[in-house]
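Structure, as structure tokens:
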Amino acid sequence: MAIHIALAKGRIHKAVMAYLQESGYAFPTYTADSRKLIFEDSTGTLKVTLVKSPDVAVYVERGAADVGIVGEDVLLEEAPGAGVYEIFDLGIGRCRMAVAAIAGKPVDMTKRITVGTKYPRIARRHFEQNHRSVDIIKLNGSVELAPIVGLADVIVDIVETGNTLKANGLEVVEYFMDFSARMICNPVSFKMKYEDIRRLVDVVKEKDLEA
Ligand code: PRP
Ligand code: MG
């Protein structure tokens with residue numbers, strides 16, 4: 001029985017596919033720039049589907065995939081109560097959640113501020129914990145634009161290299177959470193395919209993905 005992995009499309013999937021290939025799984029139809037969304041390995045052991053990151057936990061929770069690989073930031077934002085097991089921290093896709101604003105233009109954080117973000121749940125919790133009053137505007141990407149065009153005072157977003165902030169004239173006001181890519185599992189699959197899933201985790205564990 002093949003294990004079906006729902007893999008978050010984007011930065012993580014390229015690193016994970018490269019790693020699986022280096023570990024001996026061959027995916028004859030996979031190339032990094034392919035438009036195909038389903039790949040099977042030549043031994044019929046793994047089936048990998050490329051899924052939009054917020055949907056990974058949906059596939060896994062409903063049993064449409066056995067296993068998912070997705071950023072912890074997305075899990076916390078989109079599926080904090082999902083009925084899935086988190087089984088492994090891959091240690092890749094490391095990033096930090098930050099509040100950022102226009103560089104050199106201090107924002108008075110004691111006043112009510114407007115926050116543009118793809119992560120309204122994480123942002124709201126952060127500001128509530130710090131007793132700051134905010135209006136949150138949910139955006140779907142390119143959030144760096146929000147302070148520049150006057151839509152928001154600050155943004156809350158993930159920072160990996162910092163290149164996107166820099167390229168758009170923004171700077172970090174504060175970092176407040178660290179994340180990495182996680183492997184999650186459907187509870188029924190965990191029981192039914194335990195040996196296969198354990199073998200997959202062992203393969204992924206064996207090598208340092210960041211190396
Ligand atoms: C993510 C994130 C930041 C950027 C951080 O955006 O929202 O904009 O990457 O990475 P960096 O610190 O290495 O520059 P993504 O490219 O996923 O696009 P989107 O926000 O438009 O969805
Ligand atoms: Mg972005």
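We number each residue from 1, following the sequence as shown.
Smallest separation of non-hydrogen atoms from Val159 and Ala98: CG2-CB, 3.8 Å. Across all their heavy atoms, Ala2 and Leu46 have their closest contact at CB-N, 4.4 Å. When every heavy atom of Ile184 is checked against every heavy atom of Ala57, the shortest pair comes out as CD1-CA, 3.9 Å. The two residues Asp153 and Ala101 make their nearest non-hydrogen contact at O-CB, 4.0 Å. The minimum heavy-atom distance between Asp89 and Ala181, with the atom names listed, is OD1-O, 3.5 Å. For the pair Ala15 and Ile92, the tightest heavy-atom approach, listed with the atom from each and the gap, is CB-CD1, 4.0 Å.
Put simply, the side chain of Glu78 never gets that close to the backbone of Asp55: no donor and acceptor are under 3.5 Å apart. Judged by distance alone, with hydrogens and angles left aside, the side-chain atoms of Lys52 form no donor-acceptor pair with the main-chain N or O of Pro54 at under 3.5 Å. Looking only at distances, no side-chain donor or acceptor of Asn168 sits under 3.5 Å from a matching main-chain atom of Leu170.
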When you look at Arg132 and Ile113, which way does the side chain to side chain contact (heavy atoms under 4.5 Å, CB included) test go after all the steps? CA-CA 9 Å; Arg132 293 190 206 139; Ile113 55 167; 5.8 Å; no

Between Leu7 and Met17, does the side chain to side chain contact (heavy atoms under 4.5 Å, CB included) criterion hold? Intermediate values first, please. CA-CA 9 Å; Leu7 185 52; Met17 288 304 283; 4.0 Å; yes

Test side chain to side chain contact (heavy atoms under 4.5 Å, CB included) applied to Val203 and Tyr19, step by step: CA-CA 10 Å; Val203 167; Tyr19 173 77; 4.1 Å; yes

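Atom CG in Leu139 sits 10.0 Å away from atom NZ in Lys118 (nearest 0.5 Å). For the atom pair Glu72 CD and Cys95 SG, the distance stands at 8.5 Å (nearest 0.5 Å). Between the CG atom in Leu20 and the CD atom in Glu22 there is a gap of 9.5 Å [rounded to 0.5 Å]. Of the inter-residue distances, the one linking Lys36 atom NZ with Leu50 atom CG reads 10.0 Å to the nearest 0.5 angstrom. Note that the CG atom of Asn186 and the OH atom of Tyr59 stand 14.5 Å from one another [nearest 0.5 Å]. Separation of atoms NZ (Lys105) and CD (Glu171) is listed at 12.0 Å; rounding is to 0.5 Å.
Looking at Phe127 and Val156, their side chains come closer than 4.5 Å, going by heavy atoms from C-beta outward. Inter-residue side-chain proximity for Ser180 and Leu90 is flagged as unmet; no heavy-atom pair is nearer than 4.5 Å. Looking only at side-chain heavy atoms (C-beta outward), Leu200 and Asp196 stay at 4.5 Å or farther from each other. Side-chain contact between Leu37 and Thr49 is absent, with no heavy-atom pair separated by less than 4.5 Å. Inter-residue side-chain proximity for Leu76 and Met177 is flagged as met; some heavy-atom pair is nearer than 4.5 Å. Using a 4.5 Å heavy-atom threshold, the side chains of Val143 and Thr117 count as separate. Side-chain contact between Val67 and Ser189 is absent, with no heavy atoms from C-beta onward closer than 4.5 Å. With a 4.5 Å cut-off on side-chain heavy atoms, Glu40 and Pro28 do not count as touching.
Using a cutoff of 4.0 Å between basic side-chain nitrogens and carboxylate oxygens, Glu195 and Arg198 are scored as salt-bridged. Using a cutoff of 4.0 Å between basic side-chain nitrogens and carboxylate oxygens, Asp202 and Lys205 are not scored as salt-bridged.
Scored by the side-chain contact (heavy atoms from CB on, under 4.5 Å) test, Pro187 finds Tyr85 as partners (sequence neighbours excluded). The ring pair (Phe, Tyr, Trp, His ring centres under 6.0 Å) check on Tyr175 picks up nothing, with sequence neighbours excluded. Residues meeting the salt bridge (charged side-chain N to carboxylate O under 4.0 Å, His left out) test with Arg11, sequence neighbours left out: Glu160. Annotation: salt bridge (charged side-chain N to carboxylate O under 4.0 Å, His left out) contacts of Arg121 (sequence neighbours excluded): none. Phe176 meets the ring pair (Phe, Tyr, Trp, His ring centres under 6.0 Å) test with His126; sequence neighbours excluded. For Asp108, the salt bridge (charged side-chain N to carboxylate O under 4.0 Å, His left out) partners two or more places apart in sequence, or in a different chain, are Lys111. Remark: Asp73 pairs with Met97, Tyr119, Ile158, Phe179 by the side-chain contact (heavy atoms from CB on, under 4.5 Å) rule, at least two apart or across chains. Legend: residues meeting ring pair (Phe, Tyr, Trp, His ring centres under 6.0 Å) with Phe39, ordered by chain and number and at least two apart, are Tyr30. Under the salt bridge (charged side-chain N to carboxylate O under 4.0 Å, His left out) criterion, Arg112 pairs with Asp135, not counting sequence neighbours.
Ring geometry, Tyr194 versus Phe190: the interplanar angle exceeds 60°, so the pair is classed perpendicular (tilted spans 30 to 60°).
Listed by chain and number, the hydrophobic cluster partners of Val58 come to none, as no ILVMFWY side chain reaches under 4.5 Å of it. In the hydrophobic clustering, Leu145 connects to no other residue, as no ILVMFWY side-chain heavy atoms lie under 4.5 Å from its own.
The cluster map of Ile, Leu, Val, Met, Phe, Trp and Tyr, joined by side-chain heavy atoms under 4.5 Å apart, puts Ile87 and Val70 in different clusters. Both Leu151 and Ile155 are part of a single hydrophobic cluster, where members link through side-chain heavy atoms under 4.5 Å apart. Cluster membership check: Ile197 shares its hydrophobic cluster with Ile5, using side-chain heavy-atom separations under 4.5 Å among Ile, Leu, Val, Met, Phe, Trp and Tyr. There is no path of hydrophobic side-chain contacts, each under 4.5 Å, that joins Leu165 to Val173. Transitive grouping of hydrophobic side chains (ILVMFWY, heavy atoms separated by less than 4.5 Å) keeps Ile137 and Val115 in distinct clusters.
Put simply, the residue from Val99, Asn130, Val134 that forms a side chain to side chain contact (heavy atoms under 4.5 Å, CB included) with Met109 is Val99.
For residues 58-70, the pairs satisfying salt bridge (charged side-chain N to carboxylate O under 4.0 Å, His left out) are Asp66-Lys193, with sequence neighbours left out.
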